[in-house]
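Worksheet: the structure to be examined is printed underneath.
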Amino acid sequence: MVAGKHRGVTCGPIIYTLVAPSYSFPVIPSISSMHSTPAAISSSLRRFATVAPAASRSHKIVVVGGGTAGLTISHQLLRTGKFAKDDIAVVDPADWHHYQPGWTLVGGGLKDKENLRRPLAGMLDSKLRFYNTALHSFHPEQNSVTLGSGDTVNYEHLVVAPGIKLNFASIRGLSEALADPSSQVSTIYSYDTCDKAINTIQSFRKGTAIFTQPAGAIKCAGAPQKVMWLALDRWKRAAFYNPTSPSESPINIAFATGLPVMFGVPKYSAVLEKLRQERGVEGLFQHDLISIDGDKATFARPDGKEKVTRRFDLLHAVPKMGPHDFVKNSALADQAGYVDVDAHTLQHKKYPNVWSAGDASSLATSKTAAAITAQSPVLVGNLVKSMDGKELNSSYDGYTSCPLTVGESKVLLAEFKYGGEPKETFNQWFGVDQATPRRAFYHLKKDFFPWVYYEHMMKGKWGGPKGWIN
Ligand code: UQ1
């Protein structure tokens with residue numbers, strides 16, 4: 001998952017002009033209109049050059065993305081002790097770094113969103129060079145990238161971890177409904193709207209609530225139902241919902257998902273399907289939300305059936321997601337638009353000095369922060385080996401995890417690897433079946449993970465199931 005949003009590739013005035021391949025000189029376009037004589041211009045340029053000396057535009061490593069993957073990898077690279085100041089550069093246009101796994105808890109009324117973000121610039125070690133700008137394009141044949149500012153930055157190795165983008169336009173009427181404070185439509189998938197989710201849930205007394213999940217890859221595939229389970233508990237507590245006689249309850253609940261099942265891993269899907277039935281939640285499978293019109297939601301049917309329109313009083317919607325255009329349209333992308341890396345080494349299949357992890361990568365596993373805990377040490381280990389001209393010796397097994405809040409103090413801790421095969425940390429250590437929802441897992445999710453994330457993982461010191469590293 002990545003911090004904030006990428007502002008795309010259209011940028012303001014170009015403020016740097018290259019005068020030598022690895023040396024750039026700042027020029028403000030409007031400068032000539034401010035000063036009339038050449039002497040004044042040259043004195044201004046000198047003054048500007050003194051306050052902002054031209055930095056080197058070549059780095060041993062350029063990391064694209066200051067989200068979970070980008071920051072974890074950058075700091076783990078630094079902690080190898082092999083890199084000096086400015087050897088590693090990070091490119092990201094965002095002002096804020098968000099702890100996105102916390103947004104489900106915001107939607108459930110269990111956390112405040114303000115506490116889940118930090119200024120991105122303040123999270124980077126001072127040894128890292130920060131380009132706080134969008135990325136324009138990749139030039140892997142030239143070992144360089146072009147920034148939104150127009151600058152070219154050269155690298156020996158490139159790490160591509162810009163995350164994915166939310167395609168709000170994938171659901172007609174969604175953006176308008178989200179922006180309308182009087183509509184009962186929300187999503188926990190953005191900072192701006194995750195608190196609208198709890199506001200609509202909290203004030204809901206009666207009617208039909210629909211929670212949706214799109215077909216296709218999204219960040220944290222369990223989140224669309226996590227917020228539903230938290231809402232259900234809240235309505236149950238307030239006596240607006242009775243799971244044992246849903247038809248007589250003031251509120252009725254439906255889960256409309258583009259997928260044919262509750263979850264992609266059979267072991268956990270079976271438990272979640274049982275919960276759905278026990279709790280009287282209607283299951284609308286292979287229902288992929290495509291438009292919202294007032295209180296009507298229309299669903300395409302991936303199974304080829306006729307479109308379905310349902311009336312709702314409250315809607316929690318999840319937009320489709322996909323690669324950023326600057327990744328999709330680059331030489332680094334696979335057919336689907338993701339960075340085409342080896343599933344185990346995380347090295348690019350065509351360009352051996354290009355690496356990728358996280359949501360933007362082609363790694364066929366669930367897109368989560370937990371996955372980054374396992375991907376980062378593999379990428380860093382292999383990249384450093386490659387720099388030293390040695391054989392790659394780290395392999396990623398697809399590890400990922402989804403702590404599923406199935407109630408206000410209950411979490412089912414799904415942990416699995418490639419092929420949907422469970423790989424449960426606490427089962428290995430203590431023999432506990434993690435498909436059973438537990439309060440201890442809830443506290444891991446709500447209290448421990450946010451803390452360990454900012455205090456240790458973001459500094460390159462946390463290895464997820466492996467505990468503390470480096
Ligand atoms: C984890 O390390 C982590 O990051 C801090 C998460 O983030 C939100 C997780 O969800 C999970 C499951 C882990 C993995 C750690 C352990 C101890 C299982």
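Order of appearance sets the numbers: ligands from 1, and atoms from 1 within every ligand.
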Flag the pair [X] / [Y] as yes when at least one side-chain heavy-atom distance between them is below 4.5 Å, and no otherwise.
X	Y	value
Leu379	Gln347	no
Arg237	Glu408	yes
Thr104	Lys445	yes

Closest protein heavy atom (residue, atom, distance) for [atom]:
atom	value
atom 3 (C) of ligand 1	Phe449 CD2, 3.8 Å
atom 2 (O) of ligand 1	Trp462 NE1, 2.7 Å
atom 8 (C) of ligand 1	Tyr99 OH, 3.3 Å
atom 14 (C) of ligand 1	Tyr399 OH, 3.7 Å

If you take the nearest heavy atom of each of Ala369, Ala414, Cys220, Ser401, which one is closest to atom 7 (O) of ligand 1?
Ala369
Considering only heavy atoms of Thr373, which atoms of ligand 1 have at least one such atom less than 4.0 Å away?
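Counting atoms of ligand 1 from 1, those under 4.0 Å from Thr373 are 2 (O).
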With sequence neighbours excluded, tell me which residues meet salt bridge (Lys or Arg N to Asp or Glu O under 4.0 Å) with Asp388.
Lys82
The answer for which part of Lys445 has a heavy atom under 4.0 Å from ligand 1 is neither
Using the side-chain hydrogen bond (donor to acceptor under 3.5 Å, both in side chains) criterion, which residues pair with Asp325? Sequence neighbours excluded.
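Asp325: side-chain hydrogen bond (donor to acceptor under 3.5 Å, both in side chains) contacts with Lys165.
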